[in-house]
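Structure first, then comments.
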Amino acid sequence: METAGIKPSSMRAVQYRGYGGGGAALEYVEIPVPSLKKDEVLIKVEAASINPADCRIQKGLLRPFLPKFPFIPVTDIAGEIAEVGSAVRELKVGDKVVSKLIFWKAGGLAEYVAASESVTVVRPAGVSAADAAGLPIAGLTALQALKAIGTKFDGTGSAGNILITAASGGIGTYAVQLAKLGNHNVTATCGARNLELVGSIGADEVLDYKTPEGAALKNSSGKKYDYIVNTTNGGKWSAFKPSLGNHGRVVDIAPNFGNFVASILTLFSKKKLTTIILSLGMEDLRFLLELVKEGKLKTVVDSRHPFDKAADAWEKSLSGHATGKVIIEM
């Protein structure tokens with residue numbers, strides 16, 4: 001087992017002891033630094049990003065099975081490897097990495113975390129900890145949605161007329177940029193205060209979802225959409241269907257019950273709704289990190305919070321009004 005210098009025996013972490021309670025239920029504890037299994041690395045955390053799923057798990061999304069209390073939340077982290085297990089092959093002490101921790105174990109809101117080598121990749125030089133920490137869940141979900149509609153990123157794909165809903169959120173901000181890299185014509189919806197930002201990251205047209213045109217998903221050209229990427233759980237198939245072209249398709253990454261039903265009912269229809277659950281892995285995360293390194297993709301950061309103010313970051317994410325990613329820096 002290889003270690004960098006003297007490893008402390010204890011660390012600070014943020015945990016909660018039961019369902020609900022929001023940011024106020026988070027508590028700081030001093031606990032032992034995790035010991036490693038042979039296929040794990042110990043990461044000194046530099047930055048972590050909060051995803052809506054983290055907050056939903058606290059609210060009881062997986063009750064009564066998960067999580068096991070007390071629970072240290074947050075899956076998406078970036079940092080530096082401080083120690084490696086005996087069976088670790090690729091990674092070494094001192095590597096700057098990003099990791100997508102297993103959601104039912106989590107552990108990201110701590111000074112150190114043990115992560116399997118299989119969920120950890122080296123981040124290229126020039127990619128900051130905060131930019132990398134934003135990527136795992138939000139970036140991979142956006143990439144999977146665009147791959148699901150056949151998007152190519154090497155210039156060989158055909159351009160589609162595409163709508164992205166809630167485009168100012170963590171997933172939406174990545175989806176807009178990836179859609180443009182795939183040569184699509186992009187219409188996006190968001191709130192009035194974010195119209196300029198969503199335009200600045202590549203959307204060809206941005207609709208305020210509270211205006212009549214925005215609510216009806218109508219772009220200025222009147223063209224129907226080949227694809228709709230829905231990132232909000234308030235989106236309804238009944239609202240999407242009239243906006244789709246003849247063989248149009250909705251890819252829903254935040255399906256509500258009605259859209260689950262629609263995904264079954266539209267299996268044999270010309271217009272379809274399909275739901276996706278994140279299944280992309282580390283090769284795809286490396287691809288996204290390369291795009292960030294090359295300046296082709298950026299992490300839109302809503303706010304940065306010091307570790308001591310984790311509750312503020314949690315509440316910002318919980319509000320549902322974050323523009324891009326909420327980051328905690330150690």
Side-chain angles (χ1 to χ4, degrees), residues 52 137-191 198-199 201-280 284 287:
I137 285 182
L140 287 173
T141 301
L143 180 62
Q144 187 169 333
L146 285 153
K147 282 188 161 188
I149 62 174
T151 308
K152 299 273 195 293
F153 300 98
D154 57 3
T156 63
S158 55
N161 205 27
I162 180 172
L163 172 75
I164 297 167
T165 65
S168 60
I171 296 169
T173 48
Y174 287 128
V176 168
Q177 297 174 78
L178 290 168
K180 286 311 294 177
L181 284 172
N183 292 327
H184 294 301
N185 183 277
V186 178
T187 303
T189 68
C190 64
V198 173
I201 57 172
D204 298 286
E205 185 171 355
V206 191
L207 306 174
D208 175 353
Y209 73 92
K210 287 189 173 170
T211 62
E213 298 76 27
L217 311 176
K218 281 191 174 146
N219 57 54
S220 56
S221 70
K223 272 190 185 165
K224 302 279 189 185
Y225 302 107
D226 302 307
Y227 306 105
I228 295 174
V229 174
N230 178 49
T231 79
T232 166
N233 60 10
K236 290 189 172 69
W237 168 244
S238 56
F240 297 142
K241 189 179 177 183
S243 303
L244 286 172
N246 280 341
H247 292 275
R249 182 170 160 210
V250 176
V251 175
D252 196 339
I253 57 128
N256 49 46
F257 180 72
N259 288 0
F260 264 125
V261 173
S263 71
I264 297 160
L265 296 180
T266 63
L267 270 174
F268 303 105
S269 306
K270 285 181 181 175
K271 297 184 182 186
K272 284 183 169 43
L273 183 145
T274 51
T275 63
I276 64 166
I277 291 168
L278 179 58
S279 60
L280 296 188
D284 293 292
F287 171 70

Donor-acceptor under 3.5 Å ([X] side chain, [Y] main chain):
X	Y	result
T211	G214	yes
Q144	I276	no
T187	L163	no
T189	L207	no
T173	S168	no
K271	K241	yes

Nearest 0.5 Å, what's the [atom1]-[atom2] distance between [X] and [Y]?
X	Y	atom1	atom2	value
N256	T275	CG	OG1	11.0 Å
I253	T274	CD1	OG1	12.0 Å
K270	N246	NZ	CG	6.0 Å

Using every non-hydrogen atom in the two residues, find where [X] and [Y] come nearest and quote the distance to one decimal.
X	Y	answer
N259	G235	ND2-O, 2.9 Å
A216	S243	O-OG, 3.6 Å
A142	I171	CB-O, 3.7 Å
I164	A179	CD1-CB, 4.0 Å

Does a sphere of radius 6.0 Å around [atom1] in [X] hold more than 12 heavy atoms from other residues, nucleotides or ligands, not counting ones at 6.0 Å or beyond?
X	atom1	value
I277	CD1	no
K272	NZ	yes
K218	NZ	no

Can you check whether [X] reaches [Y] side chain to side chain, under 4.5 Å on heavy atoms?
X	Y	value
F240	L217	yes
Y225	N219	yes
L273	S263	yes

N/O donor to acceptor pairs below 3.5 angstrom from side-chain atoms of residues 146-155, sequence neighbours left out:
unit_1, atom_1, unit_2, atom_2, d
K147, NZ, D284, OD1, 2.7
T151, OG1, L146, O, 2.7
T151, OG1, H184, NE2, 2.9
D154, OD1, T156, N, 3.1
D154, OD1, T156, OG1, 2.6

Steps toward side-chain contact (heavy atoms from CB on, under 4.5 Å) verdict (V251, Y227): CA-CA 7 Å; V251 175; Y227 306 105; 5.7 Å; no
Reference residue W237; test side-chain contact (heavy atoms from CB on, under 4.5 Å); the match among N230, V250, I228, V261: V250
With I162, the side-chain contact (heavy atoms from CB on, under 4.5 Å) member among V186, D226, D204, N185: V186
